[in-house]
Amino acid sequence: MPNVDRHAPGTFCWFELATTDQTAAKQFYTSLFGWTFNDFPMGPSEVYTTFQLQGRDVGAGYTLRPDQRSQDVPPHWLVYVAVESADEAARRAGEHGGKVHAGPFDVAEHGRMAVIADPTGAVFSVWQPKSHPGVGIAGIDGTVCWADLSTADVDKAKQFYSTLFGWEIASGEKDPSGYLHIKSGEGFIGGVPPAQYRNPQIPPHWMIYFLVSDCDAVAGKAKGSGAQFLMPPQSMPDVGRMSVLKDPQGAVFALFQPERK
């Protein structure tokens with residue numbers, strides 16, 4: 001079992017769903033990926049849900065707050081990046097054109113975080129772990145395996161993230177598509193699609209990919225449970241098969257089935 005006990009700084013460490021119907025979202029994702037869940041009270045009427053596989057955390061979900069709804073924040077999956085200091089990361093993000101939306105602040109004894117928008121508008125969080133390192137399992141079906149940044153200004157985003165996290169963001173060898181790969185340390189963690197292929201009506205954002213063994217079957221199950229295809233399953237030569245979907249509440253995610261070597 002590919003357990004994860006620590007996330008290196010600069011890698012994705014947590015994934016959090018903000019939704020309009022938490023109960024329905026729990027039913028959708030637990031049925032789709034075989035997750036279980038635990039609910040934790042966050043106040044008089046709020047609950048924070050952690051999702052698990054094999055007894056280890058894979059992510060979480062909560063109901064969009066009134067202040068988020070008043071700002072027309074849509075349902076979405078938020079990525080967290082591990083850092084040694086949330087305060088330092090937030091400070092440096094601001095110095096290099098980012099905007100700190102929230103924090104830095106403590107999350108009980110679990111860790112310290114901040115919510116940041118990059119200079120192009122894509123929102124992410126940074127996480128300084130204390131008792132909770134983040135995702136506890138990876139590399140199996142139902143876990144996040146990749147994240148793509150959709151932005152209209154690739155150069156500005158590249159400069160920001162490279163400076164903030166030390167990422168190497170570059171095109172792959174023998175890849176004329178313009179797609180850029182994100183490398184943190186020795187591992188590839190995500191990418192940046194060419195700006196000309198994105199929908200200009202959609203704000204910059206991060207999109208996560210869930211690992212699956214049968215993209216068509218899982219995508220079909222998701223659609224049968226109320227999800228909408230934004231991109232039906234399709235193959236990428238020498239890469240794998242993927243699909244992009246919008247869950248019944250409107251949060252967008254992708255499925256990825258790697259090509260067998």
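Positions are given from 1 along the sequence. Here the structure is a predicted model, which means the values were calculated and not measured.
Remark: aromatic rings of H7 and W127 are distant, center separation not under 6.0 Å. Checked against the 6.0 Å centroid criterion, the rings of Y161 and W167 qualify as a close aromatic pair.
Annotation for M236: atom CE does not count as buried by contact number, only 12 or fewer foreign heavy atoms lying within 6.0 Å. The local environment of NZ in K130 is crowded, with over 12 non-hydrogen atoms from other residues, nucleotides or ligands closer than 6.0 Å.
Residue L149 holds its CG atom at 6.0 Å from CD1 of I182, rounded to the nearest 0.5 Å. One finds the OG1 atom of T151 at 11.5 Å from the CZ atom of F160 (value rounded to the nearest 0.5 Å). Rounding to the nearest 0.5 angstrom, the gap separating the OG atom in S162 from the NE2 atom in H96 is 11.5 Å. Separation of atoms OG1 (T23) and CG (D39) is listed at 8.0 Å; rounding is to 0.5 Å. Taking CD of Q128 as the reference point, atom OG of S85 lies at 5.0 Å (rounded to 0.5 Å). Here the CD1 atom belonging to I137 is positioned 7.0 Å from the OG1 atom belonging to T143, to the nearest 0.5 angstrom.
Contact check for V218 versus L32: side-chain heavy atoms found under the 4.5 Å cut-off. Between V244 and V252, the closest side-chain pair of non-hydrogen atoms falls below 4.5 Å. Between F12 and V144 the shortest side-chain heavy-atom distance does not fall below 4.5 Å. Side-chain contact check for L180 versus V154: some heavy-atom pair is nearer than 4.5 Å. No side-chain heavy atom of W206 sits under 4.5 Å from any side-chain heavy atom of L78. By the 4.5 Å heavy-atom criterion applied to side chains, V123 and I116 are not counted as neighbours. At a threshold of 4.5 Å between non-hydrogen side-chain atoms, the residues S184 and F165 do not count as touching. You'll find the side chain of E259 reaches within 4.5 Å of the side chain of D238, heavy atoms only.
One hydrophobic cluster, built from ILVMFWY side chains closer than 4.5 Å, holds both L17 and W35. Under a hydrophobic clustering in which Ile, Leu, Val, Met, Phe, Trp and Tyr are joined whenever their side-chain heavy atoms come within less than 4.5 Å, directly or via other members, I208 and I140 fall into the same cluster. Under the 4.5 Å side-chain contact rule for hydrophobic residues, F105 and F124 share a cluster. W14 and L64 fall into different hydrophobic clusters, where Ile, Leu, Val, Met, Phe, Trp and Tyr are joined by side-chain heavy atoms under 4.5 Å apart, directly or via other members. Taken together through direct or relayed side-chain contacts under 4.5 Å among Ile, Leu, Val, Met, Phe, Trp and Tyr, I202 and M231 form parts of separate hydrophobic clusters.
Closest approach of L211 and P258 over heavy atoms only: CD1-CD, 3.6 Å. The two residues R198 and S150 make their nearest non-hydrogen contact at NE-OG, 3.0 Å. Heavy atoms only, all atoms of each residue included: A90 and P104 are closest at CB-CG, 3.8 Å. Closest heavy-atom contact between P194 and G178: CG-C, 3.5 Å. Minimum heavy-atom separation, A82 to A8: CB-O, 3.7 Å. Considering all non-hydrogen atoms of both residues, P119 and G98 come closest at CG-N, 4.0 Å.
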**Request:** Please assess V135 against Y80 for the test side-chain contact (heavy atoms from CB on, under 4.5 Å), listing each intermediate value before the final yes or no.
**Result:** CA-CA 10 Å; V135 170; Y80 283 62; over 6 Å; no
**Message:** Does Q22 form a side-chain hydrogen bond (donor to acceptor under 3.5 Å, both in side chains) with T49? I'd like the steps, not just the answer.
**Reply:** CA-CA 8 Å; Q22 198 167 342; T49 298; 2.9 Å; yes
**Message:** Run V47 and Y62 through side-chain contact (heavy atoms from CB on, under 4.5 Å) and show every step you take.
**Reply:** CA-CA 7 Å; V47 171; Y62 71 97; over 6 Å; no
**Message:** Pair V107, R112 - check side-chain contact (heavy atoms from CB on, under 4.5 Å), show working.
**Reply:** CA-CA 6 Å; V107 183; R112 189 165 174 80; over 6 Å; no
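Test F37, F15, F253 against Y29 for ring pair (Phe, Tyr, Trp, His ring centres under 6.0 Å) and you get one pass: F253.
Side chain of R56 to backbone of V4: a donor-acceptor contact under 3.5 angstrom is found. Not one N or O on the side chain of E88 forms a donor-acceptor pair closer than 3.5 Å with the backbone of E84. When atom types are taken as modelled, the side chain of H110 and the backbone of A108 share no donor-acceptor pair closer than 3.5 angstrom. Without hydrogens or angle criteria, Q257 side chain to C215 main chain gives a donor-acceptor distance under 3.5 Å. A donor-acceptor pair under 3.5 Å is absent between the side-chain atoms of W146 and the main chain of M207, judged by distance alone. The closest donor-acceptor contact from the side chain of K221 to the backbone of S31 lies under 3.5 Å.
Donor-acceptor pairing under 3.5 Å is recorded for the side chains of Q52 and D57. In this structure, a donor-acceptor pair under 3.5 Å is present between the side chains of E16 and Y48. There is a side-chain donor-acceptor pair under 3.5 Å between D118 and T120. No side-chain N or O of E46 forms a donor-acceptor pair with one of T63 less than 3.5 Å apart. A donor-acceptor pair shorter than 3.5 Å can be found between the side chains of Q159 and T163.
A tilted orientation is assigned to the rings of F51 and W77, their planes being inclined by 30° to 60°.
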